[in-house]
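Working notes, structure below.
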Amino acid sequence: MNIHFKEESLFAKLIKATIVQLEVGSPLYGLQDEHSDRDLLCIYYPFYNQLSSFTQTHHQLQYKAQHIDYLFVDIFTFIRNALSGDSTLNFEAIHIENLQYTSLGFLYTHRAYFYNYQISKAYLGFANRDLKQYWQQPSERDAIKKYIHAERGFLFAKSIFQKNFILKDAILLEKRQNFISLSLSARKETLKELQNEIDYFRKTVLTTAIESGKLTRYMQPLHQKEIDTYLQRLKSLPYYQYAQTEEFDLDLFYTVNENGLSYE
């Protein structure tokens, strides 16, 4: 979930501190339709008072402007989220090809460093959530979206384990088209089979992999050190110089940490 804000002055600050903008959402998976929104992920360098504050949150900031949803996350939270599973979108973003041509290209080059137990388990958790919510959806389109999100979560969890992760897999389109054509009873059976596959993979395959050391829990210490070395080089960029001369309104984080997220 995201922290929504409307202050234009904060939006302008965040844009100026942004290192990289990436288009995210359904186009990443080839699942967009005429109703899909446009989402831009903006990875920014944290402001100096963020760096000296104890408070942090894994939630991203969201600003709506001209039919575009801007999602903001600082580079350090971005990397932590990509490893912890607190935002699978951040994990997916390091697989966007355009990233390799930016100052954060090292994340794309070393994306396999992020293939761990936590992120795979997170995808399975989201898949379970979407399956449970399938019958609660207000429309056919929303229900099918929940089903395909569950399929995608399961597919991504398996591909992380197999170390062959890709964002756009034609099998998802095939599964969506096939599911649409099914009768109600056949859909129920498909959802049940998918749930059983998810449960087996989580309880048997992933558990065995982490116990045997086949899958890292977080990231190899040597790789953590390497990523930190790359991050230090960002201090030579103009985004860093700007962010260190401006303040960020930490009240947004203080409020969320105490009261949780709420929308008007």
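One-based numbering along the sequence shown.
- Taking hydrophobic clusters as Ile, Leu, Val, Met, Phe, Trp and Tyr residues chained together by side-chain heavy-atom distances below 4.5 Å, Ile19 shares a cluster with Leu22.
- The closest side-chain heavy-atom distance from Phe248 to Leu10 is below 4.5 Å.
- Between Ala243 and Pro46 the shortest heavy-atom distance is CB-O, 3.6 Å.
- A side-chain donor-acceptor contact under 3.5 Å links Arg187 to the backbone of Ile180.
- Once rounded to the nearest 0.5 Å, the distance linking CG of Leu71 with NE2 of His59 reads 13.5 Å.
- In this view, Asn257 and Thr55 satisfy the side-chain hydrogen bond (donor to acceptor under 3.5 Å, both in side chains) rule, not counting sequence neighbours.
- Tracing side-chain contacts under 4.5 Å through hydrophobic residues (I, L, V, M, F, W, Y), one reaches Leu41 starting from Phe106; they form part of the same cluster.
- Each of Asn81, Ile79, Ile119, Leu83 was scored for a side chain to side chain contact (heavy atoms under 4.5 Å, CB included) with Asn90, with one residue passing: Asn81.
- Between Tyr117 and Tyr218, the distance from one ring center to the other does not fall under 6.0 angstrom.
- For the pair Arg152 and Tyr29, the distance from NZ or CZ to the six-membered ring centre is under 6.0 Å and the angle to the ring normal is within 45 degrees.
- Thr216 places no side-chain N or O within donor-acceptor distance of the main-chain N or O of Met219, the cut-off being under 3.5 Å.
- Put simply, the side chain of Tyr45 does not reach to within 4.5 Å of the side chain of Tyr242, judged on heavy atoms.
- Below 30°, between 30° and 60°, or above 60°: for Phe47 and Tyr44 the angle between ring planes is between 30° and 60°, a tilted geometry.
- There is no side-chain donor-acceptor pair under 3.5 Å between Gln137 and Lys146.
- Residues meeting the side-chain hydrogen bond (donor to acceptor under 3.5 Å, both in side chains) test with Lys175, sequence neighbours left out: none.
- Side-chain contact between Leu167 and Glu92 is present, with at least one heavy-atom pair separated by less than 4.5 Å.
- A 4.5 Å side-chain heavy-atom check between His58 and Arg80 finds every atom pair outside the cut-off.
- Side-chain N/O atoms of Tyr70 and Gln21 include no donor and acceptor closer than 3.5 Å.
- Considering only residues two or more places apart in sequence or on other chains, Asp86 meets the side-chain hydrogen bond (donor to acceptor under 3.5 Å, both in side chains) condition with Ser84.
- Pairs passing the side-chain hydrogen bond (donor to acceptor under 3.5 Å, both in side chains) check and including a residue from residues 154-169, sequence neighbours excluded, do not occur.
- Checked against the 6.0 Å centroid criterion, the rings of Tyr147 and Tyr134 do not qualify as a close aromatic pair.
- Annotation: ring pair (Phe, Tyr, Trp, His ring centres under 6.0 Å) contacts of Tyr123 (sequence neighbours excluded): Phe156.
- Taking the six-membered ring where the residue is Trp, the centroids of His4 and Tyr63 are separated by 6.0 Å or more.
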Could you go through Asn49 and Ser52, starting from their C-alpha distance and side-chain angles, then the distance that decides it, and tell me whether this counts as side chain to side chain donor-acceptor pair (under 3.5 Å)? CA-CA 5 Å; Asn49 62 323; Ser52 59; over 6 Å; no
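- Although no hydrogens or angles enter the test, the distance criterion places a donor-acceptor pair under 3.5 Å between the side chain of Thr102 and the main chain of Leu99.
- A distance of 6.0 Å separates CD of Gln50 from CG of Leu250, quoted to the nearest 0.5 Å.
- Cation-pi check for Arg111 over Tyr108 is met; the charged atom lies under 6.0 angstrom from the ring centroid and within 45 degrees of its normal.
- When all heavy atoms of Ser212 and Ala209 are compared, the pair lying nearest together is OG-O, 3.2 Å.
- Ser120 approaches Ala157 most closely through the heavy-atom pair OG-O, 3.0 Å.
- Atom OH in Tyr48 sits 3.5 Å away from atom CD in Glu247 (nearest 0.5 Å).
- Atoms NZ and CD, from Lys16 and Glu246 in turn, are 7.5 Å apart once rounded to the nearest 0.5 Å.
- With ring centers used as reference points, Phe165 lies under 6.0 Å from Phe91.
- Scanning all heavy atoms of the two residues, the minimum distance from Ile3 to Thr57 falls at CD1-CG2, 4.1 Å.
- Side chains of Ser139 and Asp142: a donor-acceptor N/O pair is present below 3.5 angstrom, by distance only.
- Scored by the side-chain hydrogen bond (donor to acceptor under 3.5 Å, both in side chains) test, Thr204 finds no partners at all (sequence neighbours excluded).
- Two different hydrophobic clusters hold Tyr101 and Leu40 under the rule that ILVMFWY side chains link at heavy-atom gaps under 4.5 Å.
- Using a 4.5 Å cut-off on side-chain heavy atoms (C-beta onward), Leu107 and Ile75 make contact.
- Between Gln195 and Leu191 the shortest side-chain heavy-atom distance does not fall below 4.5 Å.
- Residues Leu234 and Tyr239 have side chains not in contact (no heavy-atom distance under 4.5 Å, counting atoms from C-beta outward).
- Heavy-atom neighbours of Tyr200 OH from other residues, nucleotides or ligands within 6.0 Å: at or below the threshold of 12.
- With values rounded to the nearest 0.5 angstrom, Leu206 atom CG is found 11.0 Å from Lys214 atom NZ.
- In this structure, Asn128 CG and Asp199 CG are separated by 6.0 Å, a value rounded to the nearest 0.5 Å.
- A donor-acceptor pair under 3.5 Å is absent between the side-chain atoms of Thr18 and the main chain of Val20, judged by distance alone.
- Judged by distance alone, with hydrogens and angles left aside, the side-chain atoms of Thr229 form a donor-acceptor pair with the main-chain N or O of Lys225 at under 3.5 Å.
- With contacts defined as side-chain heavy-atom distances shorter than 4.5 Å, the pair Leu61/Phe253 qualifies.
- A donor-acceptor pair under 3.5 Å is formed between the side chain of Thr255 and the backbone N or O of Asp251.
- We find that Glu193 and Lys188 are not joined by a salt bridge, their nearest charged nitrogen and carboxylate oxygen being 4.0 Å or further apart.
- A single hydrophobic cluster is not seen to contain both Leu215 and Leu222; linkage of ILVMFWY side chains at heavy-atom distances under 4.5 Å, directly or through other members, places them apart.
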